[in-house]
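Lettering follows sequence order; numbering is per chain, from 1. Values below: every heavy atom of this structure, side chains too, minus hydrogens, waters and symmetry copies. Bear in mind the structure is a predicted one, so any value in this text is a computation, not a measurement.
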Amino acid sequence: MSVRVRYAPSPTGSPHVGNLRTAIYNWLFARKHDGKFLVRLEDTDRSPERYQPEGIWDIEESLRYLGVCPDEWWVSGGEAGPYIQSERLALYKQHSEQLIESGHAYKCYCSKERLEAMRQAQQERGVPTGYDRNCREPERRENMRLQRMQELGGEPPFVVRLAMPMEGKTTVHDLVKGEIVYENRGQDDQVLLKTDGYPTYFLACVVDDHLMGVTHVIRGDDWLSSAAKFMAVINAFGWEAPKLVHPPLILGPDRKKLSKRHGATQFTEFIEQGYLPEALFNFLVLLGWSTGEENKELLTIPEILDRFSLEGISEHPAIFDYEKLKWMNGQYIRRSPVGRILGLCLPYLVKAGLVSDPPTREEREYARRIIPLEIERMKTLSEVVELTRPFFQNIQYPQDYDAKAVAKWMGAAHVPRMLQMEIEQFALLPAFSAAELEESVRAVAAQLEVKFAEVIHPTRVAVTGRTVGPGLFEALEGLGRERTIGRLKQVQEKI
RNA sequence: GGGGAUAUCGUCUAGAGGUCAGGACGAGGGAUUUUCAGUCCUUAAACCGGGGUUCAAUUCCCCGUAUCCCUACCA
């Protein structure tokens with residue numbers, strides 16, 4: 001039987017990195033086994049806070065960005081469609097009825113108020129919470145129905161609940177964690193179909209996985225605790241269970257589950273900040289998976305594909321290390337062809353207003369000279385803005401200059417003469433190249449009888465307003481003769 | 001409260017019944033250079049605790065503890 005796996009996100013907002021890592025694992029497993037990777041939208045929670053249609057677009061963008069392309073999903077369709085659960089309602093209704101008929105499920109007429117009161121009482125008494133199975137018993141169910149009918153003046157709404165086996169054990173086989181045994185007694189009669197006609201996760205997921213021929217369910221560890229209920233639904237249908245894998249969760253720096261509610265965890269935010277897809281892929285896959293003995297962490301997607309197996313998935317949660325991600329992204333930026341980085345950086349400069357929209361031919365040429373000078377300092381693409389600002393913006397002395405830098409370097413006695421000499425000499429350089437500039441500045445230092453550094457540093461501050469940046473001569477060459485001399489003159493006048 | 005899972009440097013992790021417990025990020029130091037960055041070299045840094053099993057356990061088993069997850073008509 002060929003492998004079929006799925007990633008099943010909910011449009012509760014922009015997907016978070018933990019979810020995408022699960023998607024990556026699924027995708028890798030499918031590619032590795034020549035199987036199919038399906039993506040299914042689990043949009044059965046219709047409450048406004050949890051159903052956000054824009055989230056669907058973010059899901060699509062994130063998957064495409066990572067290059068984790070689904071073989072079957074709502075965008076391209078497929079044999080097992082539709083791939084959006086809200087378009088499969090009839091299927092769930094039909095299957096819930098099937099379970100009612102076979103005695104594996106029952107209608108429950110209990111009001112939310114009753115359930116809430118019951119839960120509260122249980123909590124106060126310190127006993128485990130859970131449905132008291134009032135409606136599981138036919139007579140009491142009918143009484144409840146009648147009672148509710150009187151209250152509402154019509155046929156009351158109901159949910160369909162799973163009739164969980166009351167005794168015995170359910171064994172879950174997790175490919176990574178092994179066998180886990182649950183007492184059925186402790187399991188609740190899970191709601192399968194809600195009053196609004198939408199299924200809950202347990203029904204929808206089990207039905208869809210079966211109908212879509214899913215062979216392996218790779219999902220977050222947060223599902224492990226409820227896996228007995230999941231299995232019970234499958235057993236109720238008498239279906240063969242898919243293989244289960246529960247990769248550990250990704251935790252935030254506060255050691256709590258990295259959730260969408262944390263805010264700074266959405267995948268699209270990482271895209272916006274300028275993390276390259278291969279860096280994100282590499283980092284995420286390594287958060288909970290490793291190659292084994294090999295001491296290699298920077299891996300291309302083909303290399304990962306080559307090494308990937310479920311055995312490498314770890315069993316304990318991992319804390320998301322933003323610093324390491326940045327480092328890795330910097331590595332990938334530096335390994336990329338310059339042209340690619342140029343193209344990716346330009347939009348950030350446009351957005352920051354440092355170049356026009358769209359950039360002129362001259363601006364593009366200029367960017368092509370400047371951006372490479374800063375690549376080794378970039379950890380994320382968005383940093384290009386601050387890094388190259390002195391090159392693109394007309395900086396005014398002294399307000400746009402780093403005060404500390406000015407204080408440290410511009411007060412020296414030789415600075416006015418130095419500026420004058422540079423202005424004169426730079427104007428005469430035949431090519432205004434880094435090599436010529438260096439020769440010229442060395443000559444200035446010699447004539448002033450000061451150390452090279454005492455010319456280098458004030459010159460850098462005078463021209464860029466900062467003490468940090470690319471090598472001075474490369475920076476000057478990039479900036480060009482006109483801008484360089486213009487800035488030197490400006491400082492000379494105002495100093 | 002109940003249930004489940006997990007436990008190696010600060011973080012991500014490798015590892016085997018006997019290892020100097022390895023690598024990476026980060027941190028410290030050094031080299032390079034005109035600064036920063038980068039690159040290279042280098043240092044410090046860990047087997048949760050207690051019982052077993054064994055000649056030997058950080059590794060296997062049990063207990064404890066801690067952490068995370070579930071305990072919704074959310075996924």
Side-chain angles (χ1 to χ4, degrees), chain A residues 8-12 19 42-45 47 49-50 108 110 112 115-116 119 122-131 157-161 172 174 177 180-183 185-188 190-196 198-202 204-205 219-229 246 248-249 251 253 255-257 283 286-298 314-328 330 334 374-379 387 405 409 438 441 445 451-457 459-461 464 466-473:
Chain A
S10 295
T12 50
N19 279 141
E42 309 223 320
D43 59 343
T44 58
D45 186 339
S47 60
E49 324 80 71
R50 294 189 54 87
C108 168
C110 292
K112 288 191 177 175
L115 261 20
E116 183 50 42
R119 186 162 29 242
Q122 287 166 336
Q123 273 167 355
E124 278 162 24
R125 290 194 352 249
V127 299
T129 54
Y131 182 51
F158 60 87
V159 299
V160 176
R161 284 182 185 273
V172 172
D174 183 287
K177 295 198 162 130
I180 299 149
V181 180
Y182 297 85
E183 291 283 348
R185 190 144 35 111
Q187 307 297 327
D188 208 354
Q190 178 65 43
V191 170
L192 299 178
L193 199 67
K194 300 181 267 188
T195 47
D196 64 1
Y198 282 85
T200 60
Y201 176 84
F202 293 89
C205 193
R219 47 134 55 170
D221 190 57
D222 42 349
W223 291 107
L224 188 58
S225 316
S226 57
K229 287 194 282 192
H246 295 92
L249 294 178
L251 271 28
R255 293 201 160 271
K256 294 270 184 284
K257 179 180 172 182
F283 178 76
L286 247 27
L287 217 50
W289 175 82
S290 70
T291 55
E293 320 199 5
E294 194 179 20
N295 283 332
K296 189 173 168 181
E297 294 201 324
L298 253 16
S314 74
E315 300 175 48
H316 53 270
I319 293 172
F320 196 95
D321 185 350
Y322 291 90
E323 283 306 309
K324 188 157 184 177
L325 205 215
K326 277 191 182 176
W327 165 79
M328 196 172 271
R334 259 160 260 129
E374 294 287 3
I375 281 183
E376 65 189 31
R377 263 164 292 272
M378 283 169 46
K379 289 216 163 73
L387 253 15
W409 295 107
E438 176 160 4
V441 171
K451 279 186 271 179
F452 192 37
E454 290 178 81
V455 175
I456 287 273
H457 297 305
T459 303
R460 189 199 316 282
V461 174
T464 69
R466 303 176 177 185
T467 54
V468 300
L472 178 62
F473 309 112

[atom1] atom, [N] versus [M]: distance in rounded Å?
N: A46(B); M: C69(B); atom1: P; answer: 28 Å
N: C48(B); M: C9(B); atom1: C1'; answer: 14 Å
N: G64(B); M: A7(B); atom1: C1'; answer: 13 Å
N: A45(B); M: C40(B); atom1: P; answer: 24 Å
N: U6(B); M: A14(B); atom1: P; answer: 14 Å
N: U19(B); M: U33(B); atom1: P; answer: 44 Å
N: U58(B); M: A5(B); atom1: P; answer: 24 Å
N: C68(B); M: G22(B); atom1: P; answer: 30 Å

RNA chain B nearest-nucleotide lookup for Thr291(A) and Glu438(A): closer to the 5′ end is Thr291(A)
Would you state whether a donor and an acceptor, one from the side chain of [X] and one from the base of [N], lie under 3.5 Å apart?
X: Glu297(A); N: G23(B); result: yes
X: Arg460(A); N: U34(B); result: yes
X: Lys177(A); N: A5(B); result: no

Rounded to the nearest angstrom, tell me the gap between atom [atom1] in [X] and atom [atom2] in [N].
X: Leu286(A); N: C25(B); atom1: CG; atom2: P; answer: 12 Å
X: Ile456(A); N: C36(B); atom1: CD1; atom2: P; answer: 13 Å
X: Ile319(A); N: A66(B); atom1: CD1; atom2: P; answer: 18 Å
X: Glu294(A); N: A24(B); atom1: CD; atom2: P; answer: 13 Å
X: Leu287(A); N: A14(B); atom1: CG; atom2: C1'; answer: 16 Å
X: Asp321(A); N: C9(B); atom1: CG; atom2: P; answer: 14 Å
X: Leu325(A); N: G26(B); atom1: CG; atom2: P; answer: 12 Å
X: Tyr201(A); N: C74(B); atom1: OH; atom2: C1'; answer: 12 Å

Which atom names give the shortest non-hydrogen contact between Tyr131(A) and Cys110(A), and what distance separates them? OH-SG, 3.1 Å
Encode nucleotides 57-65 of chain B as B, S and - characters from 5' to 3', where the letter depends on protein heavy atoms closer than 4.0 Å: B to the base, S only to sugar-phosphate, - to neither. ---------
Protein-to-nucleotide contact annotation, 5' to 3' order, nucleotides 67-73 of chain B [B base; S sugar-phosphate only; - none; under 4.0 Å, heavy atom]: -SBSSSB
[X] side chain near [Y] side chain, heavy-atom distance below 4.5 Å:
X: Thr467(A); Y: Trp409(A); value: yes
X: Tyr198(A); Y: Asp43(A); value: no
X: Asp45(A); Y: Tyr201(A); value: no

Decide yes or no on salt bridge (Lys or Arg N to Asp or Glu O under 4.0 Å) for Lys324(A) and Glu297(A), but give the supporting numbers first. CA-CA 11 Å; Lys324(A) 188 157 184 177; Glu297(A) 294 201 324; 2.8 Å; yes
Would you mind pulling out the nucleotide paired to [N], Watson-Crick or G-U wobble, both distances under 3.5 Å?
N: U39(B); result: A31(B)
N: U19(B); result: none
N: A45(B); result: none
N: G10(B); result: C25(B)
N: C68(B); result: G4(B)

Report the nucleotide, chosen from C12(B), U13(B), U6(B), that has the shortest atom-to-atom distance to any side-chain atom of Lys324(A). C12(B)
Would you find a donor on one side and an acceptor on the other, under 3.5 Å apart, between the side chain of [X] and the backbone of [Y]?
X: Lys194(A); Y: Thr44(A); value: yes
X: Asp221(A); Y: Leu249(A); value: no
X: Glu315(A); Y: Pro248(A); value: no
X: Arg219(A); Y: Leu224(A); value: no
X: Asp188(A); Y: Gln190(A); value: no
X: Ser10(A); Y: Glu42(A); value: yes

How far apart are the C-alpha atoms of Tyr322(A) and Phe283(A), what are their side-chain angles, what is the distance that settles it, and do they pass the ring-ring contact (aromatic ring centres under 6.0 Å, His included) test? CA-CA 10 Å; Tyr322(A) 291 90; Phe283(A) 178 76; 8.3 Å; no
Using the six-membered ring wherever Trp is involved, compare the ring planes of Trp223(A) and Phe202(A) and label them parallel, tilted or perpendicular (cut-offs 30° and 60°). perpendicular
Taking only nitrogen or oxygen atoms into account, show me every contact under 3.5 Å that the protein makes with nucleotides 43-46 of chain B, one pair per line with its distance.
none

Side chain to side chain contact (heavy atoms under 4.5 Å, CB included) between Ile375(A) and Arg334(A): does it pass, once the steps are laid out? CA-CA 7 Å; Ile375(A) 281 183; Arg334(A) 259 160 260 129; 4.1 Å; yes
N/O contacts under 3.5 Å, protein versus nucleotides 37-42 of chain B?
from: A37(B); atom 1: O2'; to: Glu376(A); atom 2: O; distance (Å): 2.5
from: A37(B); atom 1: N1; to: Glu376(A); atom 2: OE2; distance (Å): 3.3
from: A37(B); atom 1: N3; to: Glu376(A); atom 2: OE2; distance (Å): 2.4
from: U39(B); atom 1: OP1; to: Gln331(A); atom 2: NE2; distance (Å): 3.0

Can you check whether His246(A) has a side-chain N or O nearer than 4.0 Å to OP1 or OP2 of U6(B)? no
Just call it for Ser314(A): base, sugar-phosphate, or nothing, with non-hydrogen atoms closer than 4.0 Å on any strand. sugar-phosphate
Who are the side-chain contact (heavy atoms from CB on, under 4.5 Å) partners of Pro128(A), not counting sequence neighbours? none
Partners of Arg377(A) by salt bridge (charged side-chain N to carboxylate O under 4.0 Å, His left out), sequence neighbours excluded? Glu374(A)
